[in-house]
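Have a look at the structure below before the remarks.
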Amino acid sequence: MRSWPTRSLALGGDYNPEQWPEHVWAQDGQLMREAGVTFATVGVFSWSLLEPEPGRFDTGWLDRVLDLLQGNDIAVDLATATASPPPWMYHQDGDLLPERADGTRLWPGGRQHYCPSNPTYRERAVQLVEHLATRYHDHPAVAMWHVGNEYACHNTPCFCDRCGVRFRAWLERRYGDVAAMNEAWGTAFWSQRYTSFDQVLPPRTAPTAVNPTQALDFRRFSSDNVLELFVAERDVLHRLSPGVPVTTNFMTLNHFRHLDYFTWGPAQDVVSTDHYLVAAEPDQEAELAFSGDLTRGIAGGEPWMLMEHSTSAVNWQPVNQAKAPGQLLRNSLAHVAHGADTLGFFQWRAAKAGAEKFHSAFVPHAGTDTRLWREVVQLGQVCERLAEVVGSTVQAEVALLWDYAAGWACDQDSHPSSLLRYGDDAHAIHRQLLLGGIAVDVVHPGADLSGYKLVVVPTLYSCDDAVASSLRATAERGASVLVTFFSGIVDPNLHVRLGGYPGAFRDLLGVCTEEFAPLLPDQEVRLDGGGTATVWTEHLHLRGAQAVASYLDGPLPGVPAVTRNEVGAGAAWYLATRLDGDGLEALVGQLVAEAGVSPAAAAPPGVELVRRATTDRSYLFAINHTGGPVAVQVSGHDLVADTAVDGELTLAPGAVAVVREQR
Ligand code: GLA
Ligand code: ZN
């Protein structure tokens with residue numbers, strides 16, 4: 001077995017040679033060396049080639065691919081190939097297909113057309129992995145196992161009857177008896193009382209809103225149910241291929257929330273994720289940074305692998321924008337800044353056929369006499385110089401709490417306002433910190449908060465009592481805590497915490513709200529300190545806190561919109577509305593100053609700054625997101641430009657530097 005490549009920062013990606021005639025392969029090896037590629041993920045979608053008929057395996061081509069990569073000194077992240085079952089499987093088992101909430105079946109012809117509870121899929125997947133692990137565990141190229149691919153991307157939640165059976169078993173384990181489930185689900189409402197677990201169904205499309213706790217439990221179940229698939233394959237690999245790390249690529253993008261990655265993270269030998277820029281995001285590169293910080297939180301602060309991103313355009317958005325010159329390097333190094341030790345891409349060679357033929361790659365359709373290829377080669381050279389960064393960890397003084405279950409619950413229907421979506425406020429605040437040069441750890445609400453000077457709690461609609469105690473202790477020891485509206489409203493069963501909102505944090509914040517007064521889509525209210533707010537207001541009373549800003553108009557003139565409560569040696573702030581950009585920038589500035597949080601270096605606003613460090617070295621990542629040149633105060637050696645920096649680094653618009661700091 002081979003160790004993961006560290007002679008440079010690992011660079012590579014999905015390699016699908018089975019889609020090309022073999023004479024292309026030799027050229028691939030040569031071009032990979034030219035680009036500085038050090039790893040390849042192989043076989044992700046090759047089940048129908050590896051097992052053309054049930055139980056008949058054909059691995060000759062894969063032997064040749066692995067040998068070719070070995071000959072070119074390229075480490076292999078070998079896929080278990082179970083991401084998409086072969087066409088024969090549906091004909092063997094007509095129950096294979098996943099179902100949507102309205103009963104629509106999702107047919108073969110694309111990919112991932114399996115129900116996660118289907119026994120044929122489960123058995124066949126394990127058999128294939130046994131075969132591959134037996135054959136390749138000691139192949140000298142194999143450095144990692146890549147289980148499945150982007151679990152849940154297209155087929156989860158599945159609402160079919162088989163998933164219903166497993167859902168009921170999951171509920172029995174969770175609640176013990178049906179009375180406890182009735183209590184948790186509040187089934188006295190709308191005649192929903194069950195007398196047996198056998199009566200429970202997945203929360204399918206109903207005449208009107210379905211039981212919220214049933215819907216939330218089904219999300220929790222679906223994440224756990226799919227995790228079983230990963231664990232089954234991983235356990236085979238640990239048994240038959242000991243010592244080779246196992247991972248599956250997450251999707252820590254803002255718009256993908258089907259799995260609770262905080263429960264998936266500990267099941268990985270190394271956390272890996274995929275990230276793509278999404279044009280619909282208000283700020284695509286801020287979202288990229290958030291994704292990196294979240295992935296690091298899932299990885300417990302350790303370095304992680306970026307398994308996939310794109311050299312340029314993707315193929316699955318309404319308009320697939322090409323990356324601008326320099327953006328490939330900037331985006332790649334932004335992932336590294338936030339903790340990636342591997343830079344993977346989808347994919348090596350732009351496909352000639354199939355649904356992804358207009359997706360960018362290392363080698364574009366036009367070949368290597370292209371700007372894209374030249375940027376790829378440049379990236380490979382930078383990765384070589386970044387080898388020394390591998391293993392260092394990100395230093396942050398700010399934590400932002402993220403919780404998948406709270407998000408699932410927050411985004412349910414029948415709530416005060418559908419304009420409020422989980423993540424919007426989290427991303428807006430994170431972005432302000434980022435553009436202020438402040439690094440942020442995005443962590444689970446149950447994380448240890450003892451090292452942070454500032455803790456941000458955006459839209460944590462549901463939480464348990466322990467979160468409230470942990471935040472109180474955080475403020476008491478001297479940190480600042482910022483809670484935003486629609487946090488602490490319900491318990492983990494989605495029962496309202498009575499006595500005034502936000503029940504879990506009322507005492508901490510020193511406020512009590514008697515009624516929500518959300519705003520219409522185009523409605524804006526003015527604040528007495530200047531600026532405007534949208535989406536939300538609430539009829540809040542001070543119970544010990546001070547008003548920092550109040551509404552001048554709207555439904556609640558004179559009522560506080562931002563408050564601050566002194567708690568022990570620290571403070572707890574409440575943001576009861578959504579501030580406009582300038583207002584949020586000012587508030588974040590106040591919090592950062594009060595908490596004594598400092599940027600990683602002196603630089604103007606709009607420069608992303610992150611420090612990665614080991615016990616004896618540190619690296620300052622600086623990315624200029626402004627439209628003009630900026631100066632960053634730092635001394636050392638810029639590994640990107642390979643030049644010395646003496647006191648001041650000048651960065652062109654869109655440029656990125658990684659400075660080994662002089663200490
Ligand atoms: C995902 C998948 C890849 C490919 C890319 C396209 O990340 O894992 O197989 O489909 O999307 O962007
Ligand atoms: Zn199913």
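Just so you know, ligand 1 is whichever comes first in the structure, and atom 1 is the first atom listed for that ligand.
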Does the side chain of R371 come within less than 4.5 Å of P325's, by heavy atoms?
yes
### Message
Are the side chains of Q284 and Q321 in contact, using a 4.5 Å heavy-atom criterion?
### Response
yes
Shortest protein contact, [atom] (heavy atom only):
| atom | answer |
| --- | --- |
| atom 6 (C) of ligand 1 | H359 NE2, 3.1 Å |
| atom 5 (C) of ligand 1 | Y276 OH, 3.5 Å |
| atom 9 (O) of ligand 1 | R111 NH1, 3.0 Å |
| atom 4 (C) of ligand 1 | E356 OE2, 3.2 Å |

At less than 4.0 angstrom from any non-hydrogen atom of [X], what atoms of ligand 1 do you find?
| X | value |
| --- | --- |
| E150 | 1 (C), 2 (C), 7 (O), 8 (O) |
| E308 | 1 (C), 2 (C), 3 (C), 5 (C), 7 (O), 8 (O), 11 (O) |
| F45 | 9 (O) |
| D274 | 7 (O), 8 (O) |
| N149 | 2 (C), 8 (O), 9 (O) |
| W316 | 6 (C), 12 (O) |

| task | Could you please compute the angle at the Zn ion (ligand 2) from SG of C160 to SG of C115, rounded to 10°? | result |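 Value, to the nearest 10 degrees: 100°.
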In this structure, the Zn ion (ligand 2) sits at the vertex of an angle between SG of C163 and SG of C158 that rounds to 10° as 110°
- Query: With distance as the sole criterion, is a donor-acceptor pair present between the side chains of D293 and H430 under 3.5 Å?
  - Reply: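 On atom types as modelled, these side chains qualify, holding a pair under 3.5 Å.
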- Do D28 and W348 have side-chain atoms, one donor and one acceptor, less than 3.5 Å apart? yes
Tell me if the centroids of the rings in [X] and [Y] come within less than 6.0 Å of each other.
| X | Y | value |
| --- | --- | --- |
| Y151 | W264 | yes |
| F250 | W304 | no |
| Y136 | W145 | no |
| Y90 | H113 | no |

Look at E302 together with R296 and state whether they make a salt bridge at an N to O cut-off of under 4.0 Å. no
Self-check item: Any N or O of N315 closer than 3.5 Å to N or O of ligand 1
Solution: no
